[in-house]
2 protein chains.
Amino acid sequence: MPVRVLVPLADGFEEIEAVTIIDVLRRGGVDVTTASLGERSVRGAHGIIVSADATLDEAIAGDAYDAVVLPGGMPGAATLRDDSRVLAALRQVVDAGGTAAAICAAPIALEAAGLLTGRRATAYPSFRDQLVSASERSDARVVEDGPIVTSAGPGTALEFATALVARLVDGDTAAALRDGMLLGAR
Amino acid sequence: MPVRVLVPLADGFEEIEAVTIIDVLRRGGVDVTTASLGERSVRGAHGIIVSADATLDEAIAGDAYDAVVLPGGMPGAATLRDDSRVLAALRQVVDAGGTAAAICAAPIALEAAGLLTGRRATAYPSFRDQLVSASERSDARVVEDGPIVTSAGPGTALEFATALVARLVDGDTAAALRDGMLLGAR
């Protein structure tokens, strides 16, 4: 069984972050389902229109995921935070032993889901103050604490996505992807 | 007048590269037109479906561009290389004093357009041998030589896109974008 990941997309999603997550996880052999909150066509924060694989209602009907991963971008991240279905999917995946992950502005949805209590997390710098229940608001590029993975912004998206491959698939696959995509030394 | 950039998209385009180019140039204030070779809906190499702003025939009818920028990915880059309209657009923008740029596999289209003669260029490592007319096949992450800008792969896309902003807009705008997107030290 391949690893299954749900990536919800709301209008105003950050395109580099969303596409990097989807592309890299698929390179790693993960079965990624992108899901729109409403109609299948979703418009990013910089005007790029992506056709989601399914609506969120379709995507969460009966299927179990190993991880739910949220791209940032505004107003997309706020819309994710305000959608009760997204918050339920985040809580459900963690309750089932899976991973909830978010980058840039989107950790505000993890906060709203009540998943950051007592955990270290990061976000885009101007959004870190909103992670009020986190035990530490980190300035690291990627933070993993228990079931929660967070990252900071577009420039950290490849590190975030390959960290998710290392966690959900294995480290060798992630290392091969980093080499193959020419991430270079950091 | 804003700077105008054409980004042709063929089925099998590399999504991280295409979206990074479009997103970063738009963040820099550039007027980007994405153009599909056939129908407006284009499918990337990792299954992400993007709706282009226009067809290539629409996009090249009467409009002048300051740059034409090609994402990599296969078979997208080979399709770009084999499309006479794409090669004509590349030659025309260079003849008019503009920039022709390509990343990953797509420098093979610059080669086919006859634009690499006597110039340094790079590409994804396994495609560099195809740049037969270049004076030097570089292993740098981004190479600028005269009107030609080339880069290596998904992991260099942010550096490529911000180098294009520095060239087409200005260096301060590019530096602000690098900071704002959290590219970090390299």
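Below, each value reflects all heavy atoms present in this structure, side chains not excepted, and no hydrogens, waters or symmetry copies. Letters go in sequence order (proteins before strands), and every chain restarts at 1. Everything quoted here is computed from the prediction, not taken from an experiment.
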What are the residues of residues 173-181 of chain A, in order of number, with any heavy atom under 4.5 angstrom from a heavy atom of chain B?
A:G180, A:M181
If hydrophobic clusters are built from ILVMFWY residues whose side chains come within less than 4.5 Å, do B:L80 and B:L131 share one?
yes
For residues 88-117 of chain A against chain B, heavy atoms under 4.5 Å, the residues are none
Gap separating the OG1 atom of A:T20 from the CD atom of B:E17, nearest 0.5 angstrom:
10.5 Å
Who in residues 22-53 of chain A is close to chain B, using a strict under-4.5 Å heavy-atom cut-off?
A:I22, A:D23, A:V24, A:R26, A:R27, A:H46, A:G47, A:I48, A:I49, A:V50, A:S51
Check the hydrophobic clustering (I, L, V, M, F, W, Y; side-chain heavy atoms under 4.5 Å; chains of links allowed) and say if A:V7 and A:I16 are grouped together.
yes
Would you say B:V69 and B:V19 are hydrophobically clustered, going by side-chain heavy atoms of ILVMFWY under 4.5 Å?
yes
Looking only at heavy atoms, the pair that brings A:L182 and B:P125 closest together is CD1-CD, 3.9 Å
Linked, directly or transitively: B:M74 and B:L87 (ILVMFWY side chains, under 4.5 Å):
no
Could you see if B:L168 belongs to whatever hydrophobic cluster contains B:Y65? Use Ile, Leu, Val, Met, Phe, Trp, Tyr and a side-chain cutoff under 4.5 Å.
no
The criterion is salt bridge (charged side-chain N to carboxylate O under 4.0 Å, His left out); which residues satisfy it with A:D170, sequence neighbours excluded?
none
